[in-house]
Structures are given as C-alpha cells and as structure tokens.
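Notes follow the structure.
So you know, we letter chains A, B, ... as the sequences are listed, proteins then strands, and number each from 1.
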Amino acid sequence: MDFVQITEEQRVLLDSVDKLIENRIKPLWKDYNNTPIPKSVAHEILGELSQFGFIGGSAPEDVGGFGLSQTMMGLLYERLAKAFPGLAGLTFITSSSATRIAVDGTDAHRDAYLEQLMSGQMIACAAITEPNVGSSPANIQTTAKRHDDGGWIINGEKLWISNGDISDICTAIVRTGEGKGGLSRFIVERTDGYTTQDIPKMAMNEWPTSSVHFDQVYVPAWRQIGDEGAGLSSTLIAFQTARCYVATLSLGIAQAALECAIEYAKEREQWGKRIGQHQMIQEMLADMATMVDAARLLTFRGFYLVDQGVRCDIQTSMAKAYATEMAVKVASMAVQIHGAYGISKEYPVERYFREARILPIPDGTTQIQKLIIGRGLTGLPAF
Amino acid sequence: MDFVQITEEQRVLLDSVDKLIENRIKPLWKDYNNTPIPKSVAHEILGELSQFGFIGGSAPEDVGGFGLSQTMMGLLYERLAKAFPGLAGLTFITSSSATRIAVDGTDAHRDAYLEQLMSGQMIACAAITEPNVGSSPANIQTTAKRHDDGGWIINGEKLWISNGDISDICTAIVRTGEGKGGLSRFIVERTDGYTTQDIPKMAMNEWPTSSVHFDQVYVPAWRQIGDEGAGLSSTLIAFQTARCYVATLSLGIAQAALECAIEYAKEREQWGKRIGQHQMIQEMLADMATMVDAARLLTFRGFYLVDQGVRCDIQTSMAKAYATEMAVKVASMAVQIHGAYGISKEYPVERYFREARILPIPDGTTQIQKLIIGRGLTGLPAF
Amino acid sequence: MEFLKRTEEELQLLDAVDRFIEKRIKPLREAYNDVPLPKPVAHQVLAELAEFGYIAGTAPESVGGYGLSNVMQGLLTERLSRAFPGLAGTAFIHSAMTNRIAMAGSKKQQDTYLQKMLNAEMIGCGAITEPSVGSNTADVATRATRTQDGWSISGEKVWISNGNISDIASVVARTGEGKNGLSRFLVERKDGYTSSDIPKMAMNEWSTATLNFNAKVPDWRQVGDEGKGLQITLVGFQTARAYVAMLSVGIAQACLDLAIAYAQEREQWGKRIAQHQMIQEMIADMATLTDNARLLALRGLYLVDQGVRCDVQTSMAKGYATEAAIEVASKAVQIHGACGISSEFPVERYFREARILTIPDGTTQIQKLIIGRGLTGLRAFN
Amino acid sequence: MEFLKRTEEELQLLDAVDRFIEKRIKPLREAYNDVPLPKPVAHQVLAELAEFGYIAGTAPESVGGYGLSNVMQGLLTERLSRAFPGLAGTAFIHSAMTNRIAMAGSKKQQDTYLQKMLNAEMIGCGAITEPSVGSNTADVATRATRTQDGWSISGEKVWISNGNISDIASVVARTGEGKNGLSRFLVERKDGYTSSDIPKMAMNEWSTATLNFNAKVPDWRQVGDEGKGLQITLVGFQTARAYVAMLSVGIAQACLDLAIAYAQEREQWGKRIAQHQMIQEMIADMATLTDNARLLALRGLYLVDQGVRCDVQTSMAKGYATEAAIEVASKAVQIHGACGISSEFPVERYFREARILTIPDGTTQIQKLIIGRGLTGLRAFN
C-alpha cells in the first residue's frame, strides 16, 4: 500500500505480524481446508492474534484496546486474509463484537466480557439476519419478552450467522416493541442456552456460518446493550466499518491468487517459452493487478474516512461492492492461468476462487451496495 | 479527492482556479465545440492559466516555476479537464515541454524559451511518433545531419503530434546515429521552417493532432537538449508522468459525465417516477461512481509516487490504462441514462463520450500499458 | 445453418445487391458523411433500393411486394448497413411504414399510397414518441379530435426517424382515455405538420426529427379500429427490434472486416500486428460478438416469419446486438491505434454510429425488463 | 429455428429422455455429490443411457448406432448436463471413444470392442495430454516401440477424462520424430496401464486421472496409419469442442431455471424479488448468454453434420459457452443470496462445475488464438 504512510512503530508491528503469519498461520491454512476450525484451536490462535491487536485493536487503550486506527487494522487484516481468509473472518467478527461492547457497552459489560474477548478466550457472534429478513433488519421477528424479575425471555431463529457454531457469546438484535424503533440488543451467553447449527457452504467452512436458535432463553436485564429500542441504529453505524473489513478479506484472497498466478506464469512453459511471455497471459496479470490495486485504494480510502469520523456509506459501499466482485474475477483468472492445475486440489487457486465467490453476498449483496451508492448520489431511494 | 491532504494555501489556489474555470473556461468549452481553438485565443487563455501554475507549475521556483507537487498539478488538471478536456490537453503538452526544458535544458534554452512558454506566449509540441513507428521510438527515421557550421539539418515526418498545428516550438527526437542510442533531441522553432497539418479526428479537435514536416530545416547547435544520443532515455522518464496526466484528462471527462447523468436522473420522469428511482439507473450510477473513484485513486497514487521520485511505471501504466478505459464506459453509461437526449447534440454527454474514446490510444495504448504492467510483474517481456 | 441456406433465387438477389452496394451505395456513404441526406437524393436511392426488395420485400406480391421472408429481408438489411448504416435505417423505417399500410391499411389507403411508397415518391415515418413519454406509449398526449368530416390532430412528436424527409406519417394520437384510447392516422405533410432535424452524435444522414402537428385529415385516414392504435404498434415493435439488431450486425461486421484487414497489413515490432496475441484476442472476441448478434437477430426474424410471439427473443436480439456493436466498433478503433480516432479512417464513424442504436426502439434497459417479464411473468416497471 | 425443428421421432426420443432423467438421473445426482462415480455404477448407467443414443447416437445403424445428427446428440447432451453435468461428461467421453472406433477402427477392432462399448461393458478414454505438453499435441513424449509382435508403450498421460474408470484407452504415442511421428493405439487396462484420480474443485464424479503406461499391445491395436495419430485427433477436437460447449449450455440452463424459480418465490421489501429491476436485469442477461451459447454450439454441431471444416465456429462455441456458463452460474448464486453459497442449494455446485469447463479441450485463450488464426491467416503462437 504505497499510499498509506505508516510510522516506524507500526512498521515494527507489521513485521512481527508477518512472522506470525509465516510460521503459525500458513500451516493452519493447510490443516483446515474447508473444514471447521476446532473450537480449542480457534481459542488458541485468537489468543495469539490478539496480542498484535487483531481483536478490539481499534478500541481505546483505557478499555484494553491498542488505540489503533481502522487504517492500521486494515493493514493487519489484509495480511491475515491473504494467508487465511476464513480465519481472518472469524477473528474480525469477534473483534467487532469486542469493539461494540467497548464502545456501546456498560461498565458491567466491559468487565464481564472485554478481557475474555480480547484475549481470544471467548469467541463472539452477532445475530441480526433471520430466515425471512434478508437485508431488511426492520422485519426482525425474534422476540424478547420481559420476565417478572426484569430479565428477558428470547425466542426465535437467526440465520447465516458468522461464527455462530463456534461462539461463546452472541449479541442479538431482537424485537422488544413494534416497528423499526422496537429493536433492542442483548448479550446472550452460550450457557444461557442458545443452540447453533453449522450450514455447510461452497468454501470457507473453516469459518462457520450457522443458524442460531433461541428457545425460551433467559437473559438477565443487565445484558441489554444501549437503550431499549436503540438496537438498529447503533448497528447501522457499524455497517460502514464492516464493509471495509469484508473488502479486506477479498483483497487478501485476490492478492494471494495474483501472486500464485505470477509465480506460475514465470515457471510454466508452453510452446517453447514461459507462459508469462505470452501476451494474453500478461494481459490477464495486468488486469488482475490493476483491479487489486484499485480495490485496495478504495478500501483504504474507506478506512481512512472511518478514521476521520465522517459519514462514508457511499465510499464504503463502493469498497465492498468493487473489492468482493474484483476478487471473484481475479481468482477466476488465476485459475485460468494455471490451466488444468488451476482446477485441481493440488494448487491453492481453486480454493481462492471458491472463497472469493462467497464475499459478494454477506454484509449486503453487491446489489444492495449499489442501491446504497445510488441513493447517496441521487438522493432518491430505489428500494 | 478525500484521500489527498492539502494545505490551506493549496486550498486557496484551488478555489481561485474553480472561479476561473466557472467564468472563463466553461464558456470557451461551448464556443469551441470540436473546432480548433484559434491560436490567438489559445495564447491568451494559456496566459491566464499559467498564473495558476498550469504551465511548468511543477518546475522549481528558481527557474520560474511554482514548485508544485505533481499531486497538486494533478488536482489542477482534473479541474480543467472536467470543464474543457481538449484545452487541458493542449495546456499539459505545453507544460510538459516547459518542464523538460527547465529540467534538462541548458541556461541558453531556459533563457530563450522558459518565460515565453510559462506565460502562454509560446505553445509547444513534442514530436516523437512517426508514421511507421507506433510505440517503438527506437525505429525513428527522421534524421538530423551535421551542417558545416556545427548546426543540424533535420529531415523527416512526425505523425499524431499533439499541439502540432498550433505550436510555436517543437522538441523533436531525431536520429543522429544508429540504433537505440542514436537518438537526440532538439528544440525547433516554427520560424526555422517546420510545417504542420491538422488531422481531423472523432472528437477533441479543439486540441490539434497533427503531422509535422521537416524539410531541410536548419537548427543551430545550441538547440540540442542533453547529449547527443541521449534523446530516448530522457524521454522515457517523462512517460511515467505523462500517463498520469492523460489519466487525469479521462477523470475529468468521466466526472463531468457522471454529474450530468446524476442531474438528469433526478429530473427526468418515466413511469410516474423520476428515473433515478429505477434500480437499473441507480446500478449504472453506482458502477460509474465506483469506477471514477477507483481511477482517481490509481491516478493520484501515480502522482504521489512520481513526487516521491521512485520508479512507478507499473503504477502509472495501471492509472493510464484503467482511467482511460473507465471514462469510455462511464461516458457511454451517461449517454444511456440520457436516452435519446444522450445521442443528441443538445446535451454534452455525446461529446464526452467521443472525447473519452480518444484517450485509450495516445501515450501508449491500453494494450501497451498492459504489456508494461505484465513485464513489471513477471520480469518477462512479451513484445 | 439451415436458416442461412438460401435458394438459388435468393443467392442471385444477394449477389445483385452486393454489386449495387459496391457501385452505388459506397460513393453515397462518402458523399454524405454525417450530414442529412437531401430529400431528392433520398427519394432517388430509396426507389433504387426498392427494386431489390428493400422497401416492400416482405409484402405479398399481390400488393406489390416480393414475398421475401423476414430472414431474407434481415440479410438485405445487414448488407446495406455494413456499407451505410444511416441509409439502411432510412430504408428500414420507410419499409416498415409501407408494410404497415400493405398489411393493415384499408383498400382506399392502399390505393392512394401504396404505389407511391413502393416507388419512394412518398417517404414515410412512424410518429409515436412524445417529449415526456419515452418508451411508454400509453402516455401519448397528441390528440385527435372529431371534426365534421374527419379529425383534427394536434401535438408534438419527438425523435421521429425519417421525420424531416417524410411526406407521410403514421401517427398515434389520443381519441379517448387510457390505454385503449389511442388510434392511428395517416397524416400527409400537406395536411399540416412541420418538422425539424435534431442534430446528433452520428448518423445525421438518417433524419431524427421533431414533428409538430396541426393537421386536419378526412375520416378514411384512420388505420384500424378506433382505440386500437397501440395494439398495432406493439406488434410492430417486435419486428422492428429484430431489424434494428440487424443494423447493428451490419456495423459490427464492417468493423470486424476493417480490423482484420488493418491487422494483416500494419507492422509493429517486426511483425504484422495480427501476429500479436492481444490483437488476435480482440479479433476473436469481435467475431464471436458479431456472430452471436447475427444468430439472435436471425432467430428473431425467423420467429416473426413463423407468426409466433417472440418479444423475449427479439428483445434479446435488440439488446445484445446493439451493445455488441459498440464493443466491436470500439475494439476496431483500438486495433487501428491513432488511425482509429482519425476521421480519415472509417472506424471512428462506425463507432459513433454503433453508439446510437442502444437507444431507439426501447433502450437496452427496456429490453432487459421485457425479457425479465417474459421469463418470470412479473413486471419490474410501472 | 429450423435447425431446432425436430421430427416426430426425435421429439419422442427427447420426451423419453426427459422422463428417464427425472426418474433415474436426478437421484444419482444427489447420491454422488462431488465424489467419484463408482465404476459399477458407471457401467450400469452408461448402459442405460446408451439405449437413448447417448453412446453411439451419431454412429451409423450398421455398426450399432442410431444415425442421429450431431445436432440431435447435442440436444441430448444438454439435457443430461442440465441434470448431472459430470455424468454428461462421462458419457460424452465414452461416446467419443466409441464413435472413433466405429468410424476409424479396423474390422478386427470393431469386432472386438464395439459391442462391449455400446453396452458399456467397457468404458473408454482418450489419452493425449502429457505433463509438459498442455494443448500442444506435437510435443507428446509417450513412446511406442516396436516389439517382435507388436508395440511396447510407455509414458505418462495426465488430465485424462474418464481415466480412472476406463477399461480401454485410445493413446497417442510417439513412433517417430516430429509432428508426423505420432500414432494412435488402443490399449486395454489389462495390457498394462494404471490410473489415479486427480481431485478437483468440482465434478469429481467425472474422473480426471493420471495414467501410467507400461503396456504391450499386439500390432492390430494401432488405429489408422502410423504417423497419422495427430491427424485423427485434430478432426476429433473440432467436434469435441461443440459438445463441451453443450455441457456448459446445460449448466447455464439449469442455473437460469433455478434462478427464475427462486426469484419468483422469494420476497424482499414486500415484493417478489423478480419484481426488482436489478434481478430482472440479471435474469435477462443470463438468458441471453445461455441462448447465445446454445446457438453457437448448435451451429457448430450443424456444420460438423455438414462435414465442413468449422474450427473457427466450434472454437467460438467452446470459448463463449464455457465462459458464459460461469457468468450465468455466478449470477444464479447472486440471485440466491446467502442460499446461493450454501451447500443445501444446488447453485453453488453448478457454479463450481461451470468453472471447470473453460480449461479442458483447449482453454479459452487457445480457442481465441484458433479463431484469430482462422480469421487472419496468421498465427500468434509457436
């Protein structure tokens, strides 16, 4: 990222991260190939990552964070995603829950969860989507009803919840009243009794996507985050940041695929010369590299604007839509450059291709992002 | 450009430029619609632009420049290109000649030409391409032969020379010896006897593209720039910067087309609502805006790297290839959003579309840029 | 392909057309470069084209036609468009009008106009679109009001192809409320309409005009039943889309031919540029786009010939072929390098011409909504 | 379209096939999800498919075939691929081998193998590609050396479709130097070859294997003349490309059908998602891509039926259709949202399957170079 200025201190941190990734993360990427990471392994590796700021690193130092900028977090995550995208996703979801609790939570919340989350001892998930809700959280049907003792009883089902099956705690948006303003947010512990089930998918099964079931789950009153009815609004703010992180996952995948393709093009021979000397191969590499860089610049502009505290839903939607679609194209071209090896399990590019295809879907599909951008540009909604 | 930090002083300069453009340049854009700007008008307007740094602004202050960064120059040119792309091109060619003379020239060259160029009194062109040369300057056939008095006699034809027909001086690359190292550069004045002819083109005829003829043209010895045989190498360095400027022209066009499309989408009604409320229109606007921003980020990264003095042929080729192709797509979508009005002469978008289509050709076609990127990535040439 | 197998007679016609285009049309192409075709020239050349079937080719022989299939007519259109797209457009519109009178006109209408249109003594246009209507014909505001002995028609029509050289217009006007309140009338210029050309990016040879109606016409000029004006139009749209697709195929094929010839000649880095992989890739993509477009368009025309409903298929043809032609023409410009943007070479003109055709007869976006509605049974507009 | 007009008999066959696929193939599709089809199952189902013409459909009735046109065979292939692409691939390869013996085999070869292949007692594969060869068949290194009573064949072949379930392989091996030093042999597994499957991203039901030859075969197993091994192959390539295109058409059509059904059912923001313009746009684009691919593939097969050279046209079909299927499948995933990437819905599997097919039988890039060479007469490779 030629365009982002970093300090000497940041450089030292990034160098240490590079070492961790080389020695620790890359072997894991091979070990857990499209199979769920066991919970014990996940706890351990999150514990190691947390020391470098991967979890809640952007939270203020007084609550145990590192006070890192989102830009710096982006640089960390791009590295992790390049080596192991599914793990980067798993970590990011935990990190964003930690950040939410640090920023929006009460002292009691922070005391109870923050240290455990930021040290990797607890894994978090955020439960918003429901079977018939899609991108329209206002239609949420999971309910929390007041118990006599002031606590709440939660009933309902959440779907497509990242980290669900491996989670220890879950921040859930549930209905406590009517309409858009009737949504509240609660911290629910696994021991409270929510159950989860993994949904197998085309790729990145290392990173569980799950259904989460609440069947008469009791949570005490102190676990509510923010005011009753404020569930949705505080979540919408986090969307901007989340889009940049998903874009970063795509960036990592695309960069890894590009590097594989360059290596392969330099080695493989065809018609008496290395295939990198064929114009059509160079054209593909040039297109790939240009798209990767364009996506990187859009993504880090997004982080930069988040750091500035300005509203940037247009810019972060651009980053998410462009980067996730870009990675599908780049990974597909990497497969193509590898020829038959590209579709074999022997080389990593087929895995990158499947992983890349996941990301234009979550956190708002490409189509939703475009409608957000379009609304921002015209001032008119088309949905 | 959210990502570029500018100083208060720079902000003041940009604001004054905005006023000049509004009052002075926009009317000109209407007056000279695909017809050559008369030489007298060009001199006058270049004189005005020069006061804001548009000509040789990046040259050091001790030779009359403003010491502006290329990034700052890029911000200036993006504004000019958005209002009048052909004029931006005409100005840029003069500016880059002035910069070359300031940087590579002798004191005699600077004394003779710099003030006149930087005040708009002289218009320059740079003559490299020849009928059978294309992107391969090593094949240049125009010759300079030593005259008895130590001067040179130039013979030959140059083709596709920007500014040629309106130029007062011409820096020409000509052959003084064999092979790649046998090329030298001379400053030739119009009064020395070179002749020019405009080549009509699809758009941007305001900005002449010409053939330049040297028929026994005598130039004195002091007009040589750099050492004999150093013609090509000093030119190649300038290519990096030039690519960013061409990208900036495309950016300006695309941004203008995007703004027209947004305005139109907000006003025009169809099926009982404004067309901006139709999803397919919003999708086009979102794609356009994303591509414009990606191109802007790639372009300004290029300027930034040029400012850092590092080699950046990969990055500037990315900027040139992506931005120029982007502008064709964006302008075409702007036409499409305008429907029948889009192809009519009544709205400006058909003009933007034709102008945009010019720019993937000069200063190295998109294909050449891709081969430069591919060579940089693989270390292997495919041409 | 079977539908490309031509009878001996058809092959002879195509050969004759090729010769005619070479001798007569190509010089015209040079003579009228993006300037309106003068009306006398238009009358003359349309009359000559009529002899090859361009005007009433598909009409039955009983009314002066040639009984050609629409597939065959499409092949004729492609050939003419390759050489001179704007003229092919002019002929197509005049032909569509002529055919409509031949098919839907009353005896009196046929007796009065058919011969004059067949020999291009009169040039026709179809006047539907209005300033605030776009592709939504139901919103037509031009009114036809009953007079003692006929109708008084007033209103403004825009973007009317052939408008400025037309002698007669087939006008959709409002005679009642709503969708079923539209009727169609034949209005002669001397009945009271005026026209003015709208300058455009390219194809100014082919008039696109604003028409102002302040006309009185006798009763017998109404075409079809009152209130059925729109119905006739919708059927015509299907066919028109396939022909516009063929105009684009002609442009694409011309660009492909030019690009191949240039790539075979031009040298760079010591070899012909056609020997560079990226050039061959562009040529291969161009050829595939062009063949796709032609196959879709011919399938559409074939289905029209079969008399079956084919709005999905003809919308595919129109949407795809017009976009493909832009892509093909743009690649042709690119292969030509600097020569590609020069007005001294033909490709920049084809490129601008190609850009026009994604707009008329329903934009690409409209075609997609028609296809989507056909496939899902659900509307995403209105 | 005329070439889609089927005889009554053909229509009956297609109907029967549809019923068979519904009952027999769809359950198989579910049972073998990205795991190799066990050899006994393959023998059984290929024998059943043979009765519908899938194996020797285009062979003359005299040698046990059905005398179907390649166009008709292509339609059969599309139907099977829609339901189960990997099985359609398996059948296609076995069929190609069977046809080759039927067309180019000696009397003795036909007598020995044809019946066993027609009833799928033996499964065939074609062994051409080698590790460092790619699509450049002239570099084959597998050697066939003369022995007293025949040939000794040794070498490695890679990416051999059907390899791991094959009983017999048609092997291209070197018997001399250069391009004309290649010959073709029928080698049975028991003559001495072993195989191992190469796991891949999708379609593991359809074996792709490495074959190691250390085999002795008698003289009569040579197919065609010595030194003509490549020539037979190049002719086969042309046809194979059109069939691979049809495999992709099947995948694309399946995805289109699934996407339409989903879009008609699923609701968002109070309406069916098919009522959103961006969804309709995707569906319209998918349908157009699919129809283009089918038209190009059928034209290719039609030209094969005519016996004319059609490498440009079949390369267009293969290059376009395989890329189009990826695009169509990716849009189907997108329309399904989160369900699209879930293994519980069928589209993610089709998407991975589609991604395979731009590689075998010449990558998209190779197809473009073939098209470019055909159009310009100049080579941009070698």
Side-chain angles (χ1 to χ4, degrees), chain C residues 1-5 71 256-257 259-261 263-264 271-289 291-296 298-300 302-303 306 312-313 315-317 319-320 323-324 364-365 367-381, chain D residues 1-5 71 256-257 259-261 263-264 271-289 291-296 298-300 302-303 306 312-313 315-317 319-320 323-324 364-365 367-381:
Chain C
M1 195 148 21
E2 287 167 41
F3 67 56
L4 283 180
K5 271 202 183 148
V71 166
L256 176 60
D257 294 343
I260 290 173
Q264 286 168 330
K271 45 184 171 178
R272 249 77 66 80
I273 64 169
Q275 287 174 281
H276 289 290
Q277 289 193 350
M278 284 205 289
I279 301 291
Q280 288 218 347
E281 184 182 23
M282 285 196 272
I283 288 174
D285 289 344
M286 291 161 76
T288 306
L289 286 159
D291 276 15
N292 278 338
R294 185 183 291 111
L295 287 165
L296 285 176
L298 289 174
R299 178 180 66 171
Y302 172 78
L303 293 172
Q306 303 297 307
V312 168
Q313 291 86 349
S315 283
M316 272 190 193
Y320 185 88
E323 296 285 346
T364 308
Q365 286 66 38
Q367 307 305 332
K368 289 185 182 180
L369 292 175
I370 293 168
I371 299 166
R373 181 184 58 189
L375 294 174
T376 65
L378 298 169
R379 296 166 71 93
F381 52 99
Chain D
M1 194 149 23
E2 286 168 42
F3 65 56
L4 282 180
K5 271 204 183 146
V71 166
L256 176 60
D257 294 343
I260 290 172
Q264 286 168 330
K271 46 183 170 179
R272 252 78 68 79
I273 64 169
Q275 286 173 283
H276 289 291
Q277 289 194 350
M278 284 206 288
I279 301 290
Q280 288 218 347
E281 183 183 24
M282 285 196 273
I283 288 173
D285 288 343
M286 292 161 75
T288 305
L289 285 160
D291 276 14
N292 278 337
R294 185 182 289 111
L295 287 166
L296 284 177
L298 289 176
R299 178 180 67 171
Y302 172 79
L303 293 173
Q306 303 296 306
V312 167
Q313 291 85 351
S315 284
M316 271 188 193
Y320 185 88
E323 296 286 346
T364 309
Q365 287 66 37
Q367 308 304 333
K368 290 186 181 181
L369 292 175
I370 293 168
I371 299 166
R373 182 184 58 190
L375 294 174
T376 65
L378 297 169
R379 295 166 72 92
F381 52 100

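- Paired with Leu295(D) under the rule side-chain contact (heavy atoms from CB on, under 4.5 Å), one option of Leu296(C), Leu298(C), Asn292(C) passes, and it is Leu296(C).
- To the nearest 0.5 Å, atom CD1 of residue Ile283(C) and atom CZ of residue Arg373(D) are 14.0 Å apart.
- Put simply, OG1 on Thr364(D) and CD on Glu281(C) are 10.0 Å apart, with the number rounded to the nearest 0.5 Å.
- Per-residue heavy-atom pair counts under 4.5 Å with chain C were compared for Met286(D), Gln365(D), Met316(D), and the maximum is reached by Met316(D).
- Scanning both residues, Leu375(C) and Ile260(D), for their nearest heavy atoms gives O-CG2, 3.6 Å.
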Could you walk me through whether Leu378(D) and Lys271(C) satisfy the side chain to side chain contact (heavy atoms under 4.5 Å, CB included) test, starting with their C-alpha distance in whole Å, then the side-chain angles of each, then the deciding distance to 0.1 Å, before giving a yes or no? CA-CA 10 Å; Leu378(D) 297 169; Lys271(C) 45 184 171 178; over 6 Å; no
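- Note: Gly372(D) leads Gly319(D), Gly372(D), Gly374(D) in heavy-atom pairs under 4.5 Å with chain C.
- Nearest heavy-atom pair, Ala284(C) versus Lys368(D), reported as atom, atom and distance to 0.1 Å: CB-O, 3.5 Å.
- Top candidate by heavy-atom pairs under 4.5 Å with chain D, chosen from Ile371(C), Thr288(C), Leu256(C), Ile279(C), is Thr288(C).
- Nearest heavy atom pair, residue Leu369(C) against residue Gln280(D), reads O-OE1, 3.3 Å.
- For the atom pair CZ of Arg272(C) and OG1 of Thr376(D), the computed distance is 9.5 Å after rounding to the nearest 0.5 Å.
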